[in-house]
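A short worksheet on the structure shown next.
Because only heavy atoms are used, hydrogens play no part in the values below, and waters and symmetry mates are left out as well, while side chains stay in.
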Amino acid sequence: LIYFQSDSSNTGNGFSLNYQCTPPPAHFDGYCASGIEVTESGTLSHGPYGDNEALCWFVSCDSPSDIQLGFTSFDTEVCCDTVQVIAFDGSTHSIAVSYSGTSLPPSSSMTMANSQSGYLIHFKSDGSASKNGFSLNYQCTQKSSRFDGDCVAGGEVLTGVRLSDLLSE
């Protein structure tokens, strides 16, 4: 929205405006025309929802982290309204999980290793019944690793896995 107002005291040449439409970020492409980007921690909630909705939230972490997601409520039309968690690595997408229905997803809390850009939460409803929607908590947690630090051998720093971890598998 651009709004210009003048009073009657002076006149001038007005103004000139250049603008450009930009495409949505790549992680929304094909899923939503736009969306909301969130980082670090918080709660995503949507509902009650309407017919024919397509909404996106992009969850990412400022530093290399795992992303922990936990649904706290879930109520969508079983056949047709879905919440998808989509892994995004900067150029490609892959659906990690897809949920619909009235029960809390099988794991009320899940952690997804985030070695790339983040996760797209995509909600889509059809044109019939509407429900209460969903709510989920998200949090960036310290990146898990099996590495136990550095070993020094002959002046060279070697990084590796603890031997006890290998033997216990």
Side-chain angles (χ1 to χ4, degrees), residues 1-3 19-148 161-162 164-166 168-169:
L1 172 67
I2 298 170
Y3 179 73
Y19 67 93
Q20 178 180 357
C21 294
T22 58
H27 45 262
F28 295 128
D29 188 32
Y31 291 97
C32 294
S34 64
I36 299 170
E37 296 191 43
V38 295
T39 59
E40 297 310 315
S41 66
T43 301
L44 298 177
S45 295
H46 184 61
Y49 61 85
D51 294 339
N52 300 310
E53 291 187 355
L55 301 170
C56 290
W57 298 266
F58 188 71
V59 179
S60 63
C61 300
D62 289 335
S63 59
S65 301
D66 291 339
I67 297 175
Q68 185 177 33
L69 302 175
F71 285 92
T72 56
S73 66
F74 201 88
D75 183 24
T76 67
E77 185 182 12
V78 174
C79 69
C80 310
D81 301 342
T82 58
V83 176
Q84 295 177 321
V85 179
I86 301 161
F88 182 76
D89 71 2
S91 61
T92 60
H93 314 92
S94 63
I95 296 175
V97 291
S98 183
Y99 298 116
S100 69
T102 58
S103 299
L104 213 52
S107 173
S108 60
S109 179
M110 66 184 105
T111 300
M112 298 181 176
N114 176 25
S115 61
Q116 303 296 325
S117 297
Y119 291 91
L120 184 69
I121 310 300
H122 175 238
F123 171 76
K124 186 174 183 178
S125 65
D126 69 354
S128 61
S130 297
K131 297 279 190 165
N132 289 322
F134 68 95
S135 183
L136 68 83
N137 294 324
Y138 61 91
Q139 180 176 357
C140 295
T141 59
Q142 184 175 355
K143 190 160 184 63
S144 61
S145 174
R146 292 187 54 200
F147 294 104
D148 192 30
V161 190
R162 288 189 317 195
S164 60
D165 287 346
L166 292 173
S168 65
E169 291 181 349

Discussion item. Counting C-beta onward and ignoring hydrogens, is there a side-chain heavy-atom pair between Thr72 and Thr43 closer than 4.5 Å?
Written reply: no

Worksheet entry | Geometric class of the Phe134/Phe74 ring pair [parallel <30°, tilted 30-60°, perpendicular >60°] | tilted

Worksheet item: Can you tell if the side chain of Phe71 reaches within under 4.5 Å of the side chain of Val83, non-hydrogen atoms only?
Response: yes

Discussion item. Quiz question: by atom type and distance under 3.5 Å, do the side chains of Asp51 and Ser130 form a donor-acceptor pair?
Written reply: yes

Worksheet item: Distance-only, no hydrogens or angles: does the Thr76 side chain make a donor-acceptor pair with backbone N or O of Gly101 under 3.5 Å?
Response: yes

Worksheet item: With sequence neighbours left out, what residues match Glu77 under side-chain contact (heavy atoms from CB on, under 4.5 Å)?
Response: Tyr49, Cys79, Cys80, Asp81, Asp126, Ser128, Ala129

Discussion item. side-chain hydrogen bond (donor to acceptor under 3.5 Å, both in side chains), that's the test. Do Thr102 and Asp75 meet it? Break it down for me.
Written reply: CA-CA 4 Å; Thr102 58; Asp75 183 24; 5.3 Å; no

Item to complete: Tell me, please, which residues at least two apart from Ser100 pass side-chain hydrogen bond (donor to acceptor under 3.5 Å, both in side chains).
Response: none

Response to the item:
Separation between NE2 (His122) and CG (Leu55), nearest 0.5 Å, reads 8.0 Å

Worksheet entry | CG on Leu120 to OG on Ser60, rounded to 0.5 Å | 11.0 Å

Practice prompt. Output all residues satisfying side-chain contact (heavy atoms from CB on, under 4.5 Å) with Ser73, sequence neighbours left out; order by chain, then residue number.
Written response: Ser135

